[in-house]
Amino acid sequence: MLTIGCHLSSSKGYLNMAKTAVSINANTFQFFTRNPRGGAAKPIDEADIQAFLEYSKENGIKTILAHAPYTLNACAADPSIREFAKNTMADDLRRMEYTPGQLYNFHPGSHVKQGAEVGIQLICEHLNQVLYPEMTTTVLLETMSGKGSEVGRSFEEIRDIIDRTELSDKLGVCLDTCHVYDAGYDIVEDIDGVLDEFDRIIGIDRLKAVHINDSKNPYASHKDRHEKIGEGFIGTDAFERILNHNYLRNLPFYLETPNELDGYEREIAILRGLYKQEM
Ligand code: FE
Ligand code: FE
Ligand code: ZN
């Protein structure tokens, strides 16, 4: 069965997100752990979590994906920004244990003129400080488009981060279709080749989730502007191949397209229609 959902607002709590997901025929969802621009998270409401866990069990929601604030930059040149990144992710990972065994995604960061090599070094130092042996969450590195000085623009950079992190068994990858296409991986003309390359360089077992977004910009543009499914340069035919690919079809898919809830509901219906139940 296809596992698909979209990004939802977390302002009304976990149970509300799960009910919203079910109301649009989703069976998973993504949410920001706190205000996307950072700041303190709301205190955990244990009654809400309990109600969420029960509701999810009854309604077939197994996987959820928390997204770190996008201002979190583990490889900033400014030490106070790195300190904020460390404290924020450490706090998020403690909070994630209220919903054990789930996924937490973050953008590796922007090296801001320090170079990718220094950036990767700082990201690994960050991960070595925030990952801990008892955690049940899998932390996902998101594949980035390579705009500005983003780290994670290539499978090699992602692999280097994983290789140089001590608790690398806690790490996985989230493939963002808009980002990799903009980064220069041709998932439209050669999805098999791209995923074989992913397998060769990172290992396909590391792939734990897909951000399914069309792109407003052409191949290798290094831009990162998401478009509605079928209205961008990736297009519906490519998404049909992506959804059904053997390496991807059992992963959870998350829409981060420019939509309100009704638009997400429509896209989920379209993608469910493209999914082949048996292969
Ligand atoms: Fe992201
Ligand atoms: Fe994304
Ligand atoms: Zn993006």
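One-based numbering, in listed order, for ligands and for the atoms of each. Count residues from 1 along the sequence.
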Legend entry - SG-CG distance between Cys6 and Asn213, expressed to the nearest 0.5 angstrom: 11.0 Å

Inset, instruction - Could you name each residue pair satisfying side-chain hydrogen bond (donor to acceptor under 3.5 Å, both in side chains) that touches residues 186-196, not counting sequence neighbours? - result: Asp192-His245

Legend entry - Which residues share a ring pair (Phe, Tyr, Trp, His ring centres under 6.0 Å) with Tyr181, sequence neighbours left out: Tyr219

Inset, instruction - Decide if the gap between the ring center of Tyr185 and the ring center of Phe198 is smaller than 6.0 angstrom. - result: no

Inset, instruction - Examine distances only and state if a side-chain atom of Asp176 and a backbone atom of Thr143 form a donor-acceptor pair shorter than 3.5 Å. - result: no

Legend entry - Candidate pair Glu150 and His111, rule side chain to side chain donor-acceptor pair (under 3.5 Å), full reasoning: CA-CA 6 Å; Glu150 279 174 346; His111 63 69; over 6 Å; no

Inset, instruction - Keeping waters out of it, list the protein N, O or S atoms under 2.8 Å from the Fe ion (ligand 2). - result: Glu142 OE2, Asp176 OD2, His211 ND1, Glu256 OE1

Legend entry - Proximal protein heteroatoms (N, O or S) of the Zn ion (ligand 3), under 2.8 Å: His179 NE2, Asp224 OD1, His226 NE2

Inset, instruction - May I ask you to decide if Asn217's main-chain N or O and Ser215's side chain share a donor-acceptor pair within less than 3.5 Å? - result: yes

Legend entry - Met17 vs Ser10 side-chain heavy atoms within contact, under 4.5 Å: yes

Inset, instruction - If the plane angle is over 60° it's perpendicular, under 30° parallel, otherwise tilted; pick one for His179 and His226. - result: tilted

